[in-house]
Every structure is written in structure tokens, then in C-alpha cells.
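Encoded as C-alpha cells, the structure appears first; notes follow it.
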Amino acid sequence: MAVKISLARLGVKKRPFYRLVAADSEAPRDGKCLEILGFYDPMIDPAVVKVHKEQVNSWLEKGAVGSESASAILKKQGLM
């Protein structure tokens with residue numbers, strides 16, 4: 001089972017809210033996740049990002065890879 005750090009979409013139509021999650025790479029975008037690692041709210045100016053750094057580092061050490069969008073968020077936070 002390969003683990004991927006990605007964004008799971010929440011919120012309502014035209015008001016997205018995302019969770020940063022560690023999930024199986026074959027799981028659907030909004031499907032079951034292994035652990036919630038933070039959140040990202042792009043609707044507030046400036047966008048709000050909250051990341052649990054210890055948990056993210058733990059998953060990266062175990063070999064998890066980030067999706068394109070999740071990697072961009074983690075790079076801005078200085079975690080990748």
C-alpha cells in the first residue's frame with residue numbers, strides 16, 4: 001500500500017475547503033484517509049493553511065509522497 005499526502009475537498013458548491021490528508025494512493029479523493037494532517041482554506045484572503053508538522057514529517061519519513069497541490073502547500077510551509 002503506497003501512501004500519498006493529498007487534499008480532500010470539503011465545503012459546499014463554490015466554497016471549497018480542503019483537508020490535507022495521508023491516504024492510500026488508490027483511495028478516491030474524498031474517500032477514507034489514514035490521518036488528517038491539516039487544512040487549507042483558499043476562500044479567505046490571504047489563504048489560511050494549518051499543518052501539523054510532526055505528523056507530516058512522520059509520514060514523509062515513512063515514504064509517503066505528496067500530490068502536486070499538496071507538495072506545493074508543503075513547500076510554502078518549509079516541510080519539503
**Prompt:** Do Val21 and Tyr40 belong to the same hydrophobic cluster, where Ile, Leu, Val, Met, Phe, Trp and Tyr are linked whenever their side-chain heavy atoms lie under 4.5 Å apart, directly or via other members?
**Reply:**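 No, no single cluster joins them.
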
**Asked** Do Val51 and Leu37 belong to the same hydrophobic cluster, where Ile, Leu, Val, Met, Phe, Trp and Tyr are linked whenever their side-chain heavy atoms lie under 4.5 Å apart, directly or via other members?
**Response** yes

Just verifying a value: how many Å separate [X] [atom1] and [Y] [atom2], rounded to the nearest 0.5 Å?
X     : Y     : atom1 : atom2 : value
Ser67 : Ile73 : OG    : CD1   : 8.0 Å
Tyr18 : Met43 : OH    : CE    : 9.5 Å
Asp30 : Ser6  : CG    : OG    : 9.0 Å
Lys50 : Asp41 : NZ    : CG    : 14.5 Å

Between [X] and [Y], which heavy-atom pair has the shortest distance, and what is it?
X     : Y     : answer
Lys32 : Ala27 : O-CB, 4.0 Å
Ala47 : Pro42 : CB-CA, 4.0 Å
Arg29 : Leu7  : CG-O, 3.6 Å
Arg19 : Leu10 : NE-CD1, 3.4 Å

**Request:** For Arg9, look at atom CZ and say whether over 12 heavy atoms of other residues, nucleotides or ligands are found less than 6.0 Å away.
**Result:**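 More than 12 heavy atoms, drawn from other residues, nucleotides or ligands, come within 6.0 Å of this atom.
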
**Message:** Side chains of Leu20 and Val49, heavy atoms from C-beta outward: is any pair under 4.5 Å?
**Reply:**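 Leu20 vs Val49: side chains apart.
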
**Message:** If we check side chain to side chain contact (heavy atoms under 4.5 Å, CB included) with Val3, which of these qualifies: Leu34, Leu60, Asp24?
**Reply:**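 Exactly one option meets the side chain to side chain contact (heavy atoms under 4.5 Å, CB included) with Val3, and it is Leu34.
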
